[in-house]
Student: 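Below: one structure in structure tokens.
So you know, we letter chains A, B, ... as the sequences are listed, proteins then strands, and number each from 1. Note: hydrogens, waters and symmetry copies are ignored here, and every other heavy atom, side chains too, is used.
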2 protein chains.
Amino acid sequence: MKIDPKSSADLSAQIAQAIKDAIVEGRLIVDERLPSEAELADQFQVSRPTVREALKRLAAQSLIRTQRGAFGGAFVNRLSFEDAYSQQITTSTLLLSMNAVSFDTACEARFALERACAPLSAERRTPDHLATMRAEIVRQNQPGLTDEAFCASDVAFHRALVDGAGNPVLSYQLAGAVEAMQPLMNMITFTARSREAIVALHTRIADAIEARDATAADAALAELTAYTLTLKDDVMAARAARDKS
Amino acid sequence: MKIDPKSSADLSAQIAQAIKDAIVEGRLIVDERLPSEAELADQFQVSRPTVREALKRLAAQSLIRTQRGAFGGAFVNRLSFEDAYSQQITTSTLLLSMNAVSFDTACEARFALERACAPLSAERRTPDHLATMRAEIVRQNQPGLTDEAFCASDVAFHRALVDGAGNPVLSYQLAGAVEAMQPLMNMITFTARSREAIVALHTRIADAIEARDATAADAALAELTAYTLTLKDDVMAARAARDKS
DNA sequence: CATTTTTTATTTGTCTGACATTTAAAAGTC
DNA sequence: GACTTTTAAATGTCAGACAAATAAAAAATG
């Protein structure tokens, strides 16, 4: 592992990149211990604080973990699905909020991906997944629920649907798409009637998944997509009318 | 922004988290300048190196950028789609390689997501997307192509297909799924005959997208999925037979 | 006066050296 | 042999310093 002394980039960034490359290319394997900070400083011909900055960069990406004490040090970290989930969710959320991604675009992406999972979920869902979906539907029927709580339950419902596909890679990919939508969904105020309509569609989806009927599930999801967009348009129209007066 | 003095976690990690929360929750907005390192050190009652480690953690996630000189400093960074792509690709790649995700699981996820894009792509693809797909097909037909180059062209073909949907969020999500598969695909040695079959399917996909025929595109993608899995099984069987002898 | 150059203050990047804290192995004790 | 103490190695943190970059302000120049 070497760094380019002519490069203008920060030394800590270069060192971090060199180590990252080694991990991605498999030259450093999971749980392998990196040299100590002092040794790395010596190896790269920089000071220890610089090495530390590089290591913190890697730690921020969950690429390494550090342990204090004798025989401690920095170890290549096994990137868990859980770590990947949360990274994915933060990234997606910021991407949507910072780039002014339209509701329609985000919504389309989310439901397109979700519909890709539905047939697999219909085939493989366990009673556990179904139970979660039904439980969330019950929660969504409770009267005094806040809009935030309703949205959270909505996310939980759709996560159960996606998890039903039994494919952790799909679940990971969808986590970002579904959860990142939540701040956008929070723009919508759910009336009693719209909640009723959503719950009815959720019930149809759950029924279809239970009956292992991929076609029906897809149809219900398509309707939910359309209905969500309608809701958004209503909210926007109402706001425009209010702002005009 | 405050940190918990009783927490056992690293100070730099706590500080990074506090700032990250402020960004995600919108209390710090894009292009806003953070206080200087000296001011942050004063504010959090820690030393400057500690603050710097925290800032490097954030820089590693593209949450901030730093600029030297007078009126320089750390600024909240607009997370670009490009930044998000590369983060997504690294994460997905490591997730697959470190957790021994099976070829079948990754393949299923990839094609499920891709099939979700196909109908949208059939509807919205521009001549540009079509041209890219056709060009990659031509490249894939070249005789002396290495397996790696064939795989790379394959990725480019499928990216054009996904980009054709005209939804940057979908493109971002798919980037991880498609690119992360590449190391796994590299396990496969493509015979002349298998390449021919793949190119034929690619041509069918491009034809369907050109004709705006979502159903045909979906069918071809389904066949490609099945064929890819067959190829993998053949490679595995051949390897098992070789190891046995 | 307008333009260019120089100065200057500010801020990040890096280094040196030191001490505190944690941790597990090694040594000592009963 | 089981328990306690010591010790060495590593990360975590701090203080202070200098280098380098950068843009605003000041000075010089035509």
Student: If you define the side chain from C-beta out and look only at heavy atoms, does anything of B:I3 sit under 4.5 Å from B:L11?
Tutor: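 Sidechains of B:L11 and B:I3: in contact.
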
Student: I'd like to know if the side chain of A:T132 pairs up with that of A:H129 as donor and acceptor (distance under 3.5 Å, no hydrogens or angles considered).
Tutor: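 A:T132 vs A:H129: no donor-acceptor pair found between side chains.
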
Student: Walk me through it: do A:R52 and A:S12 pass the test side chain to side chain contact (heavy atoms under 4.5 Å, CB included)?
Tutor: CA-CA 8 Å; A:R52 281 183 62 79; A:S12 69; over 6 Å; no

Student: Which residues in residues 63-70 of chain B have a heavy atom closer than 4.0 Å to any atom of DNA chain C?
Tutor: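 Here the set is B:T66, B:Q67, B:R68, B:G69, B:A70.
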
Student: If only side-chain N and O atoms count, and only distance matters, is there a donor-acceptor pair under 3.5 Å linking A:T90 with A:T93?
Tutor: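 Absent: no donor and acceptor within the cut-off.
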
Student: To check you understand the geometry: which heavy-atom pair defines the closest contact between B:Q140 and B:S153, and what is its length?
Tutor: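 Nearest pair, atom of B:Q140 first, then B:S153: NE2-OG, 2.9 Å.
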
Student: CD1 of A:I15 versus C1' of C:dC15: gap in Å, rounded?
Tutor: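 So the two atoms are 13 Å apart, to the nearest Å.
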
Student: For the residue pair B:T225 / B:T228, report whether a side-chain donor-acceptor contact shorter than 3.5 Å exists.
Tutor: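 Looking only at side-chain atoms, B:T225 and B:T228 do not form any donor-acceptor pair under 3.5 Å.
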
Student: Taking the side chain as everything from C-beta on, heavy atoms only, tell me whether A:T105 gets closer than 4.5 Å to A:S102.
Tutor: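 Counting from C-beta outward, A:T105 and A:S102 do come under 4.5 Å.
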
Student: Can you work out whether A:F71 or A:D10 has the more 5'-proximal nearest nucleotide on DNA chain C?
Tutor: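 It is A:D10 whose nearest nucleotide is closer to the 5' end.
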
Student: Between B:Q87 and B:E82, does any side-chain donor sit less than 3.5 Å from a side-chain acceptor?
Tutor: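 On atom types as modelled, these side chains do not qualify, holding no pair under 3.5 Å.
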
Student: Let me know the distance between CG of B:L11 and P of C:dA20, rounded to the nearest Å.
Tutor: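 From B:L11 CG to C:dA20 P: 16 Å.
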
Student: Below 4.0 angstrom, which residues in residues 38-60 of chain B have at least one non-hydrogen atom near DNA chain C?
Tutor: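 The answer is B:R48, B:R52, B:K56.
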
